[in-house]
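For reference, the structure is listed below as structure tokens.
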Amino acid sequence: MPELPEVEVIARGLDASVTGRTVESVTVPGLTRLSEPEETLVPKVLGRSIVRAWRRAKVLLMELDNGSTLAFHLKMTGRVVHGPARAAEKHDRILFHLDDGSLLSFADMRKFGYVRCFERGELDCWDFLCKVGPEPLETAPEVLAERVTGRNCAIKALLLNQSVVAGVGNIYADESLFRAGLNPETRGSRVGRKRAVLLFTELQAVLRQAIDENGSSISDYVNAHGNAGAFQNSFNVYGRKGQACNQCGGQLRAVTVAGRTSTFCPKCQRRR
DNA sequence: CCAAGCACCTGACGGC
DNA sequence: TGCCGTCAGGTGCTTG
């Protein structure tokens, strides 16, 4: 699934290509279980034009000209792509036909994702966004560090917890822990202030680099124009269990933390 | 309060 | 070839 960098890249691409376009018609091959029902969703969108697209946490947002906002959560395999008109494909869940003849599609193979439309003012009351923590690229590392030091959970679990910091998923948690030399199982309470500041400084660097490289494509992710990202070629640890550490040459290992596979270097990321 | 486990889905891949 | 188990970028609910 798209984490913060992937959703950011999609949002920027959409903001550049669909802003000003009007939704002329909508076809619904079959919405996902967590989506808003077609009967209420479609009337809110029909005839509206798109004002802007942006991101908060891992949620893709598109504001419409009546003040309502479309919200997409892509979860593991969701895609939102803008391109030329085409016939519906197997995993398409909803298709927005725009006034220039182009198509905005939401597809999701595993159906975990969803799309909902919030009317003016409702977005600010959405429980999900209200609970989400600060944006890691808009918050000082020193401030973020305070949110993990002193807590008894594993540092990896804290990074994945969206109320601690927004937008971090399994890839960027593992990559930032490696860069900071922190073992994923280390408790927040055992991470010193200085090391915690380093962790969030490295998290910012890794997120910025991933955005610059158009995100990470493992199998499903593509940007708003259907293109794969390149940051997967820069992974130090994610998905590299058994391979050699880029820093010390030792063999990378994997453990399960917070229910997720966590790949790390036992030499460069010692437990403390 | 916290952590662990599982549920939600489909598809790809490896082993037999 | 096919069947079975395992795993996958996330979140939310239940259980202990």
Side-chain angles (χ1 to χ4, degrees), chain A residues 1-11 29-35 55-60 71-81 89-93 106-116 126-133 136 147-148 150-178 184-190 203 206-207 210-211 213-223 228-242 253-263:
Chain A
M1 115 51 218
E3 299 182 29
L4 182 155
E6 290 75 29
V7 182
E8 179 67 27
V9 169
I10 295 169
L31 281 166
T32 56
R33 208 170 53 94
L34 296 175
S35 290
R55 173 198 64 76
R56 168 77 171 111
K58 296 172 190 170
V59 182
L60 173 65
F72 298 85
H73 201 307
L74 307 180
K75 294 285 182 79
M76 305 284 263
T77 55
R79 293 176 163 188
V80 172
V81 175
E89 293 172 0
K90 186 170 181 187
H91 302 301
D92 285 338
R93 307 300 170 201
F106 169 52
D108 186 3
M109 189 256 286
R110 288 176 75 180
K111 304 183 192 170
F112 289 170
Y114 55 81
V115 55
R116 299 172 191 171
W126 185 17
D127 199 46
F128 181 88
L129 286 189
C130 289
K131 286 183 189 162
V132 154
R147 301 177 69 83
V148 298
R151 295 195 52 171
N152 199 34
C153 307
I155 188 68
K156 168 77 180 270
L158 292 166
L159 283 175
L160 293 177
N161 183 335
Q162 298 299 294
S163 66
V164 172
V165 55
V168 181
N170 211 24
I171 293 175
Y172 301 101
D174 278 7
E175 292 299 319
S176 55
L177 286 168
F178 173 81
E185 294 182 292
T186 300
R187 309 271 121 186
S189 53
R190 314 214 45 176
L203 174 66
V206 88
L207 294 174
I211 292 168
E213 296 187 19
N214 207 18
S216 301
S217 293
I218 309 300
S219 60
D220 294 283
Y221 166 72
V222 291
N223 69 12
F231 190 69
Q232 68 278 6
N233 301 317
S234 302
F235 289 165
N236 280 303
V237 286
Y238 180 84
R240 297 192 62 234
K241 175 188 169 185
R253 283 191 45 209
V255 291
T256 299
V257 183
R260 319 298 302 281
T261 297
S262 304
T263 310

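Hydrogens, waters and symmetry mates are skipped; everything else that's a heavy atom, side chains included, is used. Chain letters run A, B, ... following the sequence lines, proteins first, then strands; residues in each count from 1. Just so you know, these numbers come straight off a predicted model, no measurement behind them.
If you measure from atom CZ of A/Phe72 to atom P of C/dG10, you get 19 Å, rounded to the nearest angstrom. Between A/Leu34 atom CG and B/dA7 atom P the separation is 16 Å, expressed in whole Å. Going from atom CE of A/Met76 over to atom C1' of B/dA12 covers 13 Å, rounded to whole Å. Taking atom CG on A/Asp174 and atom C1' on C/dA8, their separation rounds to 14 Å, with Å as the unit. Rounded to whole Å, the distance from CZ on A/Arg110 to C1' on B/dA12 is 11 Å. Separating the CZ atom of A/Arg79 from the P atom of B/dC9 is a distance of 20 Å, rounded to the nearest angstrom. The interatomic distance linking A/Arg33 (CZ) with C/dT11 (C1') rounds to 11 Å, in whole Å. The separation between A/Leu74 atom CG and C/dA8 atom C1' is 16 Å, rounded to whole Å.
Comparing the P positions of B/dC6 and C/dT6 gives a spacing of 12 Å, expressed to the nearest Å. Across the P atoms, C/dC13 and B/dC9 are found 15 Å apart, a figure rounded to whole Å.
A stacking contact between A/Phe112 and B/dC9 is absent: the pair does not combine a ring-centre distance of less than 5.5 Å to the base's six-membered ring with planes differing by less than 30°.
Counting only heavy atoms from C-beta on, A/Gln162 has its side chain closest to C/dT11 among C/dT11, C/dG10, C/dA8. Distance from the side chain of A/Lys111 is smallest to B/dC9 among C/dG12, B/dC9, C/dG10. Picking from B/dC8, B/dC2, C/dA8 the nucleotide with the shortest atom distance to the side chain of A/Cys153 gives B/dC2. Listed nucleotides: B/dC2, C/dA8, C/dG10. Nearest to the side chain of A/Lys58: C/dG10.
Under 3.5 Å, the side chains of A/Gln232 and A/Tyr221 contain no donor-acceptor pair of N or O atoms. Checking A/Ser216 against A/Tyr172 by side-chain atom types alone, a donor-acceptor pair falls below 3.5 Å. Defined by atom type and a distance below 3.5 Å, a donor-acceptor pair is missing between the side-chain atoms of A/Thr263 and A/Lys241.
Pair check for C/dG2 finds B/dC16; Watson-Crick or G-U wobble, both atom distances under 3.5 Å.
A residue-by-residue look at A/Tyr114 and A/Met109 shows that A/Met109 has its nearest nucleotide of DNA chain C further toward the 5' end.
Checked against a 6.0 Å centroid threshold, the rings of A/Phe112 and A/His73 do not count as neighbours.
If you check every strand for non-hydrogen atoms under 4.0 Å, A/Asp220 touches a base. Using a 4.0 Å heavy-atom criterion, one finds that A/Lys131 contacts no nucleic acid atom at all. If you check every strand for non-hydrogen atoms under 4.0 Å, A/Thr32 touches nothing.
Under a 3.5 Å cut-off, the side chain of A/Glu175 and the backbone N or O of A/Val206 do not form any donor-acceptor pair.
Of the side-chain N and O atoms in A/Thr261, one or more sit less than 4.0 angstrom from OP1 or OP2 of C/dA8. Of the side-chain N and O atoms in A/His91, none sit less than 4.0 angstrom from OP1 or OP2 of B/dC9.
Here the closest non-hydrogen pair linking A/Leu158 and A/Val164 is O-CB, 3.4 Å.
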